[in-house]
There are 2 protein chains.
Amino acid sequence: MDKDAQSLRVGIVGVGNIGNVHAASIFQGAVRGMTLTALCDVCPKKRDRLAKDYPGIPVFASHEEMLASGLTDTVIVATPHRLHPIIAADAFKAGQNVLTEKPVGVDCKSVRDLYSVAKHSGKAFGIMFNQRTDPLFIKARELVKSGRLGMPKRLVWIITNWYRTQSYYDSGSWRATWDGEGGGVLLNQAPHNIDLWQWIFGMPSRVRAFCYNGKYHNIPVEDDATVYAEYENGAGAVFITTTGEYPGTNRLEISGDRGKIVIEHGILSFYELSYPERDYCFYSSEHSAPEVTVQKFENKKPVLGHKQILTNFASHILHGEKLIAPGYEGIFELMISNAAYLSTWTDDWVELPFDEDLFASMLDRAAENTVSKVVKGETTSPQGYRDRWQVQW
Amino acid sequence: MDKDAQSLRVGIVGVGNIGNVHAASIFQGAVRGMTLTALCDVCPKKRDRLAKDYPGIPVFASHEEMLASGLTDTVIVATPHRLHPIIAADAFKAGQNVLTEKPVGVDCKSVRDLYSVAKHSGKAFGIMFNQRTDPLFIKARELVKSGRLGMPKRLVWIITNWYRTQSYYDSGSWRATWDGEGGGVLLNQAPHNIDLWQWIFGMPSRVRAFCYNGKYHNIPVEDDATVYAEYENGAGAVFITTTGEYPGTNRLEISGDRGKIVIEHGILSFYELSYPERDYCFYSSEHSAPEVTVQKFENKKPVLGHKQILTNFASHILHGEKLIAPGYEGIFELMISNAAYLSTWTDDWVELPFDEDLFASMLDRAAENTVSKVVKGETTSPQGYRDRWQVQW
């Protein structure tokens, strides 16, 4: 059989902003190895629109019907976050490969349940961490993982360029609610950055966080958060994010005992030391420091992002290519953001791994206490969305 | 009387690195309105050197003798930090004007005692916050205080370019000890930055801090600290400093609802919004943001720093010029750094103002528990010092 001729038969569950972006990419033939064969959305209005926009593609009202149709072997889950693990698990049980949108879920407990189903199925499992395809983050990871940066000391990420107006939050009843999205900026905008943090710098051992609900918007979840984290080796991390500042900043700094990486304005600057600082410190005179050379890296090519993750997922299944973003890695960033909530709620440190049952019950309580949102009307606007998901500098 | 012909008769107590810098400036006639008339140091070796370096200037072994000599009307205190309030108070009691090195003391309690003596004396009182003379910080303060930046939202200062080798710490027995300096990087290097933080952005209402003793050096005090702070109006601040990273960063970011200030590499960038974000947020469509214009400010002139503070202090006394750094403002940065220690020691939030008696007793306990440092020999090295006190970008 000619493997190149093979194509996954892909169904998408939840065709809102991002689901529609993926649907369009695949439908237009822009994703090698994927063919759009089914769509599914619970909203009748959306289904009508999908039928027009994607002629010839069957549209289902429930994921169960879609899974039972036999039209797909691969499912993309792009529903509100809280449903990701439920629908993904159903898809695995139906023998499908699953690519889920980020975050993999809203609480680690339900994600672990999903993971055991996924493992049992033996099918491919990916997650849409499209910012992992950005060459600057790939470069930063290489410098850290190869040891060229030396012993990691600190990561500071000011990622405050996720500006949102109230109108954005009013555009969907599930948006920015504890029961819909399971959180605010940490759960919906920052998962990319938190994933990159752990992907490049590793997982911290404990977290102390300061999250503020509805600080800048009429929403019950946090739109401003600062996460402080400690590592086993003594390294530290500070992560600052909000949807309430404009113009925001996207500046990642990572220091190690062989230098420093700074990424800002689309340029990675690597300050490399001639000699490891940890040795230098103890064998040098008072007023001196190791020599530094500065190297700049800039990416001029377009970042394929979502499409690259889709293509890679297909290529993984069809040709054994290594996954850029395995679904099983989705839990790491979620552990950090869950821990950040838990730390805020308990006003204390949270050691990782934390009590995931406790977190799930506290999240449920937060959801129960949420007053229903009044929204101006459900809208989707793929164009604005397209502009948004690229890394913004 | 011709006021321009007048000159303060200045004695300096503690003529180590920085004391020697001031002595030389005044002795060489570089400070209008100041004449060097006395020096004082407890170290016999230093006194021998001072007698040679400053011919004709009487050198005393104790500040009491110097104050009793009648040779001075103005005293500069440049001893180890813990002695600042004691010697300054003695000087005020002897009817002297006092300019103290930073920090004004090591604990707020003893500083308040000093303040009542100072007020009672009615004499002039200044503090050596020389970085307040930097035009970029002056500009940032103007933008904030004038309201041009709008409602303050956040300050983030990564000030990790205070790199020190172990040799620096080994150069003086009082250095980096709880009983000598009363702390580490927050007490000795960062007071300038913490003062600028409060000078530009105001005082926070509570603090949660993470200080690490001897993380990068063989010292009993902190050489790495992250301070998280909250403000009454909901604003937040993150302050990150260390002497253990190289090359470090000096990047100050301040955001408000009318824009953002970033100072890095000696350039202030002001991103000014066409419309206040706080109004815009609630009256605009989903995918939009206010217009931004960017203005850059760079200072090409030399920053006079110490000399400007000295000249200003003389001019204040002689001609009523407004003080750049009143001694009474010294306590603000100290409140923040004391609160940072207290927060670390209690592993909890510290509300400002905090229990200053409790802090003083905890600091005493830390000092008692300190093992005496083994030093390679007391050294002073004014040249290295001179290079160090300018704002480093």
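Source: prediction; values computed, not measured. So you know, we letter chains A, B, ... as the sequences are listed, proteins then strands, and number each from 1.
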Exercise for review: Indicate yes or no: does B:Glu245 engage A:Lys260 in a salt bridge with an N to O separation below 4.0 Å.
Suggested key: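 No.
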Point to revise | Salt-bridge present (A:Asp224, B:Lys153; N to O < 4.0 Å) | key: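 A salt bridge is absent here (no side-chain N lies under 4.0 Å from a carboxylate O).
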Side chains of [X] and [Y]: closer than 4.5 Å at any heavy-atom pair?
| X | Y | result |
| --- | --- | --- |
| A:Val292 | B:Tyr246 | yes |
| A:Tyr163 | B:Cys281 | yes |
| A:Asp347 | B:Trp349 | yes |

Review point. So, for A:Ser284 and B:Thr165, which heavy atoms are closest and what is the spacing to 0.1 Å?
Key: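 Where A:Ser284 meets B:Thr165 most closely, the heavy atoms are OG-CG2, 3.3 Å.
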Review point. Closest approach of A:Ser167 and B:Ser285, non-hydrogen atoms and distance?
Key: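 In terms of heavy atoms, the two residues are closest at OG-C, 3.6 Å.
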Checking [Y] against [X]: is there a side-chain donor and acceptor pair closer than 3.5 Å?
| X | Y | result |
| --- | --- | --- |
| B:Glu230 | A:Tyr212 | yes |
| B:Tyr283 | A:Gln166 | no |
| A:Glu277 | B:Tyr216 | no |

Proximity breakdown for [X] and chain B, heavy-atom pairs closer than 4.5 Å:
| X | result |
| --- | --- |
| A:Glu264 | side chain |
| A:Thr249 | both |
| A:Arg251 | side chain |

Exercise for review: Count the heavy-atom pairs under 4.5 Å between each of B:Ser255, B:Gly234, B:Pro247 and chain A, then report the option with the highest count.
Suggested key: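 Ranked by heavy-atom pairs under 4.5 Å with chain A, first place is B:Pro247.
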Review point. Out of curiosity, A:Ile158 CD1 to B:Ile158 CD1, how far, rounded to the nearest 0.5 Å?
Key: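 Here the rounded value is 4.5 Å.
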Exercise for review: Determine, step by step, whether A:Tyr228 and B:Tyr228 satisfy the ring-ring contact (aromatic ring centres under 6.0 Å, His included) criterion, reporting the C-alpha distance in whole Å, the side-chain angles of both residues, the deciding distance to 0.1 Å, and the verdict.
Suggested key: CA-CA 9 Å; A:Tyr228 181 78; B:Tyr228 182 78; 9.5 Å; no
